[in-house]
Amino acid sequence: MKRSPKDVPKVTGLSPKEGPPGTKLTIRGENLGINRNDIIGLIICNVNCTMMAEWISPSKIICRTTNCRGVGDVIVATRSGGMGSCTVKFKGTAILPNPVQESAVWVDESSFFERRLKSISRPTSPMQGSVHDPLGLAETSPPMTDEELHEMFPGCSSNLAHKNFEPLLYLIENHSATSFQDLKKGLLYLAKNSALKAEGPQTFIKSNLGTFMNCQDILAAIHENLQMHENFGDTLTNGKPNSQGDAQEEGEGEQENVVQEFTLEKIERCLTECNENAQNIFKTVLHRKDRADSTRNALNVLNRFKFLFHLPVNIERNIKKGDYEVVINDYGRARSLFAETEVPVFKRVYLEVEKMIDDLRIQLEKKLMELPLALDDQKKLIRYLCELEAPGDPAWKCIDNQQQWLLKLLLKCKNEHLQIDQKHTQPESMGPSLRPHKGHTRTHSGSQFKLITPDSSVVDISPPQRVLYLEELVEILQLTFINMWKLGQSYFSAAIVAEAGGKDMSVDNSKKGVFEERITEVTELFANLIRAAFLPNTLSKMSKERRVECGMWSDFQSESPGAWLPQCVRNTRSILSSFTALDVPPSALIHINKLVTDLRRQCLTVLFTEATDDIRSLHGRETWALQMDDHGGITTLPLLFESIVIDTLQHLKEVVTSQRSEDNENIFADFDVTKRSVELASDMLKAFAQCLDQLAFQPKTEADTTQRLHLTDAVQRTQESIFQKGDDNLPSMEQCLVIVLSNCSHVSEHITPNLICIYRSNAL
């Protein structure tokens, strides 16, 4: 009967496509048998594997490979379909197991051990059965795939133990990247080993004579056992059942069964004894192998996880060096790998790392709370604490700590300057004749002013202690408050960690109101400290405890405040300008705004009052020396009057009436301030009339005479007046009246219009 081509077995898939003997191979295809009895043959790489086949379905067969070598077809033969075909190929790889390595099939080691027996010149161990490189060189990976190599060298092998060994294939697979010089060295190494092998097997026999004797005893015992088995079999077959020629067929069958059962039991017992003997023989070898494997595994674990075992030392070293970023990166890597480990060794090392990180968190937080500290350093420390997942909110703790430190710093400054002010005696009043020079210089040690004395000499004097106190308060606020404000802005915008590329940090936006309150506390304390020193009357409604906290200063009027108040206003305005540029909320600046307004009002009053006093006392500086010009003769008195008024107006324009964006209040918008400024300006102009009246009609005192007799060198060099006699420098009463009338006329016709123009140009 002809079989249809459709019934012929066909193999279309293999899994895996290559492997050593004993590989579990899954064969897929078509018409692979109707049932398990239908399979009559399975050939893999020209090796019959029928006994290893397990039929699963007409499209699937599972089997174990045997001594399959090279690349070959997988052919299935069935009773129903005959010899099949194959569209895929299987590659059998050769292995050479050592005595302690399991093998699924019998491996022919004759060629290998023949070669070994000819070359060994000393006692050997079964563990040395592994193949080593004959050239004594390190092996490298082949540049081509196995398929390409088998196409170039079909039927050849690179295994030294095989009969079809191909040297060129061996060199390509193992030494493709080896240099020519190294190959020459390998050749010398091979020649040297060959010379050692020439000694022959005699040395090996001498070294292993005891082993050969044991082998002879074992072979003799095996031969004796075989003879006993043969004699026992003859007894069973030639005994009582055969002496009776008329024995029945049933008796013969029973005898055969007895022989078979005895043979199987004997084989089983022999195999068991062989296994026990093998275990006894290789017990020490296997024990050493287990210990070596344990040591090797431990070394592999140490090498593989050396990062964790070296981590405590690395963390300690990097902390001392200040490389906190390296510590954070290493800790993050260790936490991701070993945080949930259950291995006792890893767990113990990781707990040690966690303890060191806890100490680092405490150290960084302590360092963060130590002030003063640069803003960039504060941000770095906060970022480190956030990445280390420190408890709480490090950024907010830093802001709160900085605010408390700033308040203490302001109070400490107040206490230091107040103690100095109380220890030293009160400075003598500079008197109405001292007027500050318009030039004001700032040195490293503080402020200094140039003042004009009654004898027209210029002297440098140090400012009062409270002026130095104000300047230091402003400097403290400019250096510390700005950092606090910028840190707060970075905190609420979550930019402290993001600026350095770190992970996101949680921000509590509900603290914005609290932060503004902290800012307001600082500005309020700053304003109250300055008020206590310069405007104590504005703190009358403050409680006694807070009033004492702000400081109890001596009277400022004795220190000629007009010489220092303009500079104090400028310093206070500078801090207000700085805060406004930082976009500080107006609610936090309300105290400083009010302070600047009150200082401007006070400065207005003081400047006009002191100018009025200076003008009123000009009669004591009259020299009665006439200076002739196109308008007649006058003394220096009108010019001194004009100079005082102009100087006062310049200070008023610069300090009091300047309208700047940060000044929320125009003091002249207040009717009382405007009315008061008009009265003060009027009193200043009237003071000159009082001065002229004093010169013209008031009796001359001894002090006036003394003042006129002690003229400066510049006045003494002035040419003689037409009213003066050669032997007397003092004019008569009539001459004084004429001079006063001339000065009055000059002031009315020339100085007064000039002052009006200055008033208008300064918007006063």
Side-chain angles (χ1 to χ4, degrees), residues 375 396 399-411 413-414 466-467 469-493 509-539 541-542 546-547 549-551 565-604 654-670 673:
L375 179 61
W396 181 253
I399 293 173
D400 191 60
N401 176 70
Q402 194 165 3
Q403 189 254 0
Q404 296 297 325
W405 173 74
L406 180 54
L407 294 177
K408 294 179 181 178
L409 203 62
L410 294 176
L411 293 175
C413 177
K414 181 263 300 182
R466 70 189 72 204
V467 176
Y469 165 58
L470 182 142
E471 292 180 352
E472 186 171 348
L473 287 178
V474 171
E475 185 176 1
I476 290 173
L477 217 57
Q478 286 180 337
L479 294 177
T480 58
F481 180 87
I482 295 177
N483 288 344
M484 175 183 171
W485 172 256
K486 289 182 178 180
L487 183 63
Q489 295 302 105
S490 299
Y491 169 73
F492 290 111
S493 62
N509 291 320
S510 62
K511 294 180 180 178
K512 285 186 177 180
V514 180
F515 179 68
E516 290 187 5
E517 292 179 0
R518 298 281 194 275
I519 296 298
T520 304
E521 289 179 10
V522 174
T523 56
E524 182 180 6
L525 178 61
F526 171 77
N528 290 337
L529 292 177
I530 295 179
R531 287 181 181 275
F534 294 90
L535 305 171
N537 295 332
T538 60
L539 301 178
K541 297 182 180 180
M542 183 179 292
R546 293 194 61 190
R547 181 67 182 85
E549 182 184 13
C550 293
L565 272 179
Q567 178 62 21
C568 295
V569 174
R570 283 191 289 268
N571 289 334
T572 311
R573 270 183 167 173
S574 66
I575 199 67
L576 180 61
S577 177
S578 299
F579 289 178
T580 305
L582 293 174
D583 295 330
V584 179
S587 59
L589 298 180
I590 186 171
H591 298 285
I592 299 181
N593 271 317
K594 290 182 178 180
L595 172 64
V596 171
T597 301
D598 292 343
L599 285 176
R600 290 165 60 200
R601 293 177 178 177
Q602 181 69 10
C603 189
L604 172 69
E654 179 183 359
V655 179
V656 179
T657 64
S658 176
Q659 299 299 319
R660 303 176 64 178
S661 59
E662 66 268 16
D663 296 335
N664 296 331
E665 182 180 357
N666 181 10
I667 61 174
F668 291 107
D670 188 350
V673 175

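For this chain, numbers begin at 1 and follow the sequence in order.
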Between atom CG of N483 and atom CD1 of I399, what is the distance when rounded to the nearest 0.5 Å?
12.0 Å
Before giving the answer on side chain to side chain contact (heavy atoms under 4.5 Å, CB included), spell out for V596 and R600 the whole-Å C-alpha distance, their side-chain angles and the decisive distance to 0.1 Å.
CA-CA 6 Å; V596 171; R600 290 165 60 200; 3.8 Å; yes
Atom OG1 of T538 and atom CD of Q602: how far apart are they, to the nearest 0.5 Å?
9.5 Å
Is the shortest heavy-atom distance from the side chain of M542 to the side chain of C550 under 4.5 Å?
yes
Is the closest side-chain heavy-atom distance between L470 and R466 below 4.5 Å?
no
Drop me the distance from I575's CD1 to T523's OG1, to the nearest 0.5 angstrom.
11.0 Å
Please check this pair: side chain of S578 against backbone of S574, looking for a donor-acceptor N/O pair closer than 3.5 Å.
yes
With rounding to the nearest 0.5 angstrom, report the CG to CG distance, L535 to D598.
6.0 Å
Do R531 and N528 have side chains that approach each other closer than 4.5 Å (heavy atoms only, starting at C-beta)?
yes
Taking L487's backbone N and O only, do any of them form a donor-acceptor pair with S490's side chain (distance below 3.5 Å, no angle check)?
no
Measure centre to centre between the rings of F481 and F579, then say whether the value is under 6.0 Å.
yes
Electrostatic pair E517:K512 at N-O distance under 4.0 angstrom:
no
Value for CG (L410) from NZ (K408), rounded to nearest 0.5 Å, stands at 12.5 Å
So do K511 and F492 actually touch side chain to side chain, heavy atoms under 4.5 Å?
yes
Under a 4.5 Å cut-off applied to non-hydrogen side-chain atoms, are I519 and F515 in contact?
yes
Under 4.5 Å between any side-chain heavy atoms of S587 and E516, yes or no?
yes
So Y491 and W396, would you call those rings parallel, tilted or perpendicular, with 30° and 60° as cut-offs?
tilted
Does W485 reach the main-chain N or O of V584 with its side chain, forming a donor-acceptor pair under 3.5 Å?
no
Separation between CG of L406 and CZ of R518, rounded to the nearest 0.5 Å
12.5 Å
Given side chain to side chain donor-acceptor pair (under 3.5 Å), test Q567 with N571 step by step and report yes or no.
CA-CA 6 Å; Q567 178 62 21; N571 289 334; 3.1 Å; yes
Could you walk me through whether E524 and R546 satisfy the salt bridge (Lys or Arg N to Asp or Glu O under 4.0 Å) test, starting with their C-alpha distance in whole Å, then the side-chain angles of each, then the deciding distance to 0.1 Å, before giving a yes or no?
CA-CA 12 Å; E524 182 180 6; R546 293 194 61 190; 3.6 Å; yes
Looking at Q402 and T480, what are the two nearest heavy atoms and their distance?
NE2-O, 3.8 Å
Could you report the tightest heavy-atom contact between L473 and C413, atom names first, then the distance?
CD2-SG, 3.9 Å
Looking at side-chain heavy atoms only, is the closest gap between L529 and Y469 below 4.5 Å?
yes
Answer yes or no: is there a donor N or O on one side and an acceptor on the other, between the side chain of K594 and the main chain of A527, under 3.5 Å?
no
Flag side-chain contact, heavy atom, 4.5 Å: R547 against P536
yes
Step-by-step side chain to side chain contact (heavy atoms under 4.5 Å, CB included) determination, D400 to V514:
CA-CA 10 Å; D400 191 60; V514 180; over 6 Å; no
Measure across C603 and V569 and return the closest heavy-atom pair with its distance rounded to 0.1 Å.
CB-CG2, 4.3 Å
Go through V474 and F526 one step at a time and tell me if the side chain to side chain contact (heavy atoms under 4.5 Å, CB included) criterion holds.
CA-CA 9 Å; V474 171; F526 171 77; 4.0 Å; yes
